[in-house]
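One structure below.
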Amino acid sequence: MSERRFFLEVLILKTYPVGETHRGLFVLSREKGTLSLIAFGAQSPRSRFRALLTPLRRVKVSVFHDPVKDSYKIEEAELLDSHEGLAHDPQRFFSAARWADLLRRVPSLETGSYDLLSESLRLACGVSQERLVRLEIQFLWRLAEESGLRPEFLNCDGCGATLFGSSVSFSTNPVAVFCPRCSSGHWTLSLKEVDYLTATAVLSLEDSLQAPTEGSSLEHLRSMAFDLWSQVLGQELPRYG
Ligand SMILES: [Zn+2]
């Protein structure tokens, strides 16, 4: 019966009150994907969990699974990363909150999502405004790749022509890419933008933030990624500030 108790490293995506004194946590883990946990008494001022178990933190928890109620109760918790730097800048905080919100609502998550969010939160703590936009582009496009939504920019989905060396017309619903002649998508990616996405896809997340690109392309690539995920979720991604 030892599997009823286990340790998990989790990222806290959301917390919510359960009754008057308990706290529910919606978390993302590498091993079990998203999961709802409950921290008994965590809303009480005297609880050690109260200040510890808050959104966007990475914690190691000891969990007891009650098979009758099919609930997961947190017995112990240890802080691994508070991501304190997010609190120092509203844009960082809003971006991180948006990523957590997105991961809560993506229909099915692949195992790489945990590492992607974990690394993105870590990097977001110390980045400039411009790097934050790059990080957000990478987060959204990499998550699209994880979820099988990212086009390969190889062949036109209309006529089959090779897309090498040309701008690309991009449709987010359904996800498809077209050559300039078919041009059936709502968005147009310049050759430089296609090259940027293709080149950065094989870099580490941290290295990808250094890749050369133009400022106007960054806003454009981010807007496209927002639109892609808004179409997938059937509602706008929150933009906050
Ligand atoms: Zn075509």
Side-chain angles (χ1 to χ4, degrees), residues 33 94-95 98-117 119-120 123-124 127 129-240:
F94 291 144
S95 292
R98 183 161 46 232
W99 306 337
D101 185 67
L102 175 56
L103 287 178
R104 267 194 317 118
R105 295 192 284 141
V106 171
S108 72
L109 283 174
E110 300 300 318
T111 50
S113 309
Y114 177 87
D115 291 324
L116 177 60
L117 181 63
E119 183 70 351
S120 298
L123 291 169
V127 290
Q129 204 83 284
E130 196 251 6
R131 286 281 159 91
L132 182 64
V133 177
R134 291 167 175 266
L135 183 55
E136 182 140 52
I137 290 167
Q138 291 297 324
F139 177 84
L140 295 171
W141 283 95
R142 282 168 194 239
L143 188 64
E145 173 143 45
E146 284 281 324
S147 308
L149 293 166
R150 180 182 175 131
E152 291 203 50
F153 303 115
L154 289 176
N155 293 95
C156 171
D157 287 318
C159 68
T162 172
L163 295 174
F164 182 74
S166 69
S167 65
V168 168
S169 171
F170 176 50
S171 157
T172 53
N173 188 15
V175 175
V177 287
F178 301 96
C179 70
R181 273 226 315 243
C182 293
S183 189
S184 306
H186 175 71
W187 297 91
T188 302
L189 285 115
S190 70
L191 178 56
K192 277 184 179 173
E193 289 168 345
V194 174
D195 284 349
Y196 169 80
L197 287 180
T198 310
T200 53
V202 297
L203 299 176
S204 73
L205 189 57
E206 190 159 13
D207 287 348
S208 74
L209 304 185
Q210 324 253 9
T213 185
E214 288 156 15
S216 58
S217 287
L218 291 178
E219 270 314 320
H220 191 223
L221 288 166
R222 181 161 73 161
S223 296
M224 257 183 285
F226 273 16
D227 182 38
L228 172 63
W229 280 110
S230 297
Q231 297 293 334
V232 171
L233 299 174
Q235 62 187 116
E236 290 275 307
L237 270 195
R239 289 202 80 123
Y240 305 109

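All ligand and atom numbering here is 1-based and tracks the order in the structure.
The pair Arg104-Asp101 meets the salt-bridge criterion, since a charged nitrogen lies less than 4.0 angstrom from a carboxylate oxygen.
Under the rule for a side chain to side chain donor-acceptor pair (under 3.5 Å), Arg131 has no partner lying at least two apart in sequence or in another chain. Annotation: side chain to side chain donor-acceptor pair (under 3.5 Å) contacts of Glu146 (sequence neighbours excluded): none. Residues satisfying the ring pair (Phe, Tyr, Trp, His ring centres under 6.0 Å) test with Phe170, not counting sequence neighbours, are Trp141.
Listed by chain and number, the protein atoms of type N/O/S under 2.8 Å from the Zn ion (ligand 1) are Cys156 SG, Cys159 SG, Cys179 SG, Cys182 SG; waters are omitted.
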Subject >> Step-by-step salt bridge (Lys or Arg N to Asp or Glu O under 4.0 Å) determination, Glu219 to Arg222 >> reply: CA-CA 5 Å; Glu219 270 314 320; Arg222 181 161 73 161; 3.2 Å; yes
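With hydrogens and angles ignored, the 3.5 Å screen pairs a side-chain donor or acceptor of Asn155 with a backbone N or O of Gly160.
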